[in-house]
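This report concerns only the one structure given below.
Residues take their numbers from the sequence shown, with the count starting at 1.
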Amino acid sequence: MDKQKAQELLAFAEDARTQLKGLEASAVLKGLEQQHEDMKSAMGSFIERGQPDQALRLATSLVPFWMARKRIDEGISWLTRALAMVGGDDVHRGHALFSKGYLAFWKGDDELSSLLQRQAVNLGRHIKDPTIIALALVGLARLAIRSDIPEAQRLCREAMEATEGTADRDGRSSAMHVLAVAAQMAGNFGEARDLMRGRIKLARETGNFATVAIESNNLSMVERQLGNNDEAEVLALEALDISSRRGDGLAIAWNLNGLAAAVANRGVFERAAKLIGAADTAMKSAGGAWPPDELVHYDRTVSSLTEALGDAEFARCREAGRSMTSADAIDFALGKSNAPQLPPA
């Protein structure tokens with residue numbers, strides 16, 4: 001591929017990453033999909049020509065695409081190749097280290113994720129880049145949540161301190177998100193609600209619908225635990241509607257999980273079991289793993305539905321949900337179609 005074409009594709013990818021935050025993400029993803037083979041050729045040409053900055057920038061820009069299109073392994077592979085190059089700007093390298101660690105986290109490879117985030121923190125401190133420091137500290141906080149919530153909160157507060165008085169927005173916003181998740185997992189629902197509502201408000205003002213969906217889903221968990229089940233279901237439905245319009249496969253799995261919990265709380269057990277089954281399939285298709293805060297609610301919903309329906313009936317309803325296509329599952333969840341047929345008893 002000639003140099004000009006490769007540069008044009010890099011610019012396209014960087015612009016697309018910004019656009020992916022909006023409601024037109026599905027169309028942007030289709031555009032990236034159409035250019036996918038050319039993107040790989042551009043990446044290869046940057047590597048062959050010894051252009052580490054361009055390779056690192058392109059690989060980092062494509063992370064949301066790889067997440068949405070269930071290509072986490074492909075993303076890790078390209079980032080590995082780009083990071084293996086000698087030289088280049090440390091800012092681009094720091095973002096690439098964080099991005100590879102982020103993908104490794106969603107794949108469930110905690111050891112690799114921790115190694116990469118620590119490397120990113122160290123590099124960020126060396127070059128005094130607050131965004132890299134904060135993003136990587138939050139990456140470590142995501143891992144800490146699995147076993148040590150106070151440590152996760154400490155890391156998030158350290159990340160916020162690193163960005164205090166700077167022009168950074170990304171690192172600080174990420175820290176607010178994980179700090180809110182940690183607060184709700186620790187049972188500090190008032191703190192979690194305030195952080196989530198604040199982040200949703202800011203996201204709406206800036207047109208960042210990706211964040212609106214994520215935080216609405218998380219706030220749904222909080223409202224449910226506060227006993228506000230109607231509000232929880234409304235939030236879960238809004239999150240799913242946004243995620244489906246954006247074509248975000250991994251978020252759809254989370255949203256189906258949250259909606260299943262709210263529906264189960266209302267005592268509509270068969271529907272909830274089908275939604276859990278649909279969430280199973282969505283997560284498998286996305287090639288990801290349940291994050292700690294989602295896993296707690298997933299396990300709790302599965303347990304309550306098993307108790308309410310019995311093993312055999314829960315398995316039947318769950319399988320009906322698992323058998324749905326992604327489009328049918330979304331229509332069913334949003335009330336746009338009839339219930340799927342149950343397999344014979």
Side-chain angles (χ1 to χ4, degrees), residues 67-68 70 72 102-110 113 138-139 141-149 152-153 156 174 176-189 192-193 195-196 199-200 210-226 229 232-233 235-244 246 248-265 272-306 318 321-322 326 329-330 333:
M67 288 279 292
K70 310 151 194 173
I72 291 177
Y102 183 73
L103 290 178
F105 170 81
W106 290 115
K107 187 181 178 183
D109 191 340
D110 289 6
S113 182
V138 174
R142 291 178 187 274
L143 295 163
I145 280 179
R146 299 190 193 278
S147 59
D148 191 343
I149 291 175
Q153 292 171 315
C156 286
S174 183
M176 288 176 63
H177 165 64
V178 178
L179 191 59
V181 170
Q184 75 93 11
M185 290 182 72
N188 301 324
F189 301 129
R193 174 196 265 171
L195 285 164
M196 291 171 185
R199 199 162 182 250
I200 289 171
T211 294
V212 173
I214 290 169
E215 290 302 343
S216 292
N217 190 67
N218 288 331
L219 184 55
S220 174
M221 293 182 189
V222 171
E223 295 291 357
R224 191 171 66 249
Q225 291 171 100
L226 286 168
N229 205 63
E233 189 164 351
L235 286 161
L237 285 167
E238 179 183 17
L240 177 60
D241 183 47
I242 292 173
S243 296
S244 63
R246 296 184 64 255
D248 190 336
L250 195 56
I252 287 169
W254 306 335
N255 303 153
L256 288 168
N257 181 39
L259 182 59
V263 171
N265 274 9
K274 292 165 191 169
L275 289 168
I276 276 291
D280 291 338
T281 297
M283 182 56 75
K284 182 178 179 180
S285 297
W290 293 110
D293 56 320
E294 291 281 346
L295 182 59
V296 169
H297 295 276
Y298 173 87
D299 287 342
R300 188 177 298 157
T301 302
V302 168
S303 178
S304 68
L305 290 172
T306 302
R318 188 184 203 177
R322 284 176 171 172
S326 177
I330 291 166

Test item: [X] and [Y] side chains (from C-beta on) under 4.5 Å apart, heavy atoms:
{"X": "Q153", "Y": "N188", "value": "yes"}
{"X": "R318", "Y": "L305", "value": "no"}
{"X": "R193", "Y": "E223", "value": "yes"}

Testing the basics here: between [X] and [Y], what is the closest heavy-atom pair and its distance to 0.1 Å?
{"X": "A239", "Y": "S216", "answer": "CB-CB, 4.1 Å"}
{"X": "V138", "Y": "S174", "answer": "CG1-OG, 3.3 Å"}
{"X": "A289", "Y": "M283", "answer": "N-SD, 3.7 Å"}
{"X": "A282", "Y": "I252", "answer": "CB-CG2, 4.5 Å"}
{"X": "A251", "Y": "S243", "answer": "CB-OG, 3.4 Å"}
{"X": "V222", "Y": "F189", "answer": "CG1-O, 3.7 Å"}

Strictly distance-based, threshold 3.5 Å: is any side-chain N or O of [X] a donor or acceptor partner for the main-chain N or O of [Y]?
{"X": "S113", "Y": "D109", "answer": "no"}
{"X": "N255", "Y": "A236", "answer": "no"}
{"X": "D148", "Y": "A144", "answer": "no"}
{"X": "T281", "Y": "A278", "answer": "no"}
{"X": "N257", "Y": "E294", "answer": "yes"}

Decide side chain to side chain contact (heavy atoms under 4.5 Å, CB included) for M221 and V296; before the verdict, give the C-alpha distance in whole Å, the side-chain angles of both, and the deciding distance to 0.1 Å. CA-CA 11 Å; M221 293 182 189; V296 169; over 6 Å; no
Nearest 0.5 Å please: distance from the [atom1] atom of [X] over to the [atom2] atom of [Y].
{"X": "S220", "Y": "Q225", "atom1": "OG", "atom2": "CD", "answer": "9.5 Å"}
{"X": "K274", "Y": "L256", "atom1": "NZ", "atom2": "CG", "answer": "14.5 Å"}
{"X": "C156", "Y": "I145", "atom1": "SG", "atom2": "CD1", "answer": "6.5 Å"}
{"X": "N217", "Y": "L259", "atom1": "CG", "atom2": "CG", "answer": "9.5 Å"}
{"X": "D110", "Y": "R146", "atom1": "CG", "atom2": "CZ", "answer": "4.0 Å"}
{"X": "H297", "Y": "M185", "atom1": "NE2", "atom2": "CE", "answer": "7.5 Å"}

Evaluate the side chain to side chain contact (heavy atoms under 4.5 Å, CB included) criterion for residues F105 and I72: first the C-alpha distance (whole Å), next the side-chain angles of each, then the deciding distance (0.1 Å), finally the verdict. CA-CA 10 Å; F105 170 81; I72 291 177; over 6 Å; no
Is there a side chain to side chain contact (heavy atoms under 4.5 Å, CB included) between N218 and W254? Walk through the geometry before answering. CA-CA 9 Å; N218 288 331; W254 306 335; over 6 Å; no
Let's go through D299 and S303 carefully: what are the C-alpha distance in whole Å and the side-chain angles of both, what is the deciding distance for side chain to side chain contact (heavy atoms under 4.5 Å, CB included) to 0.1 Å, and is it a yes or a no? CA-CA 6 Å; D299 287 342; S303 178; over 6 Å; no
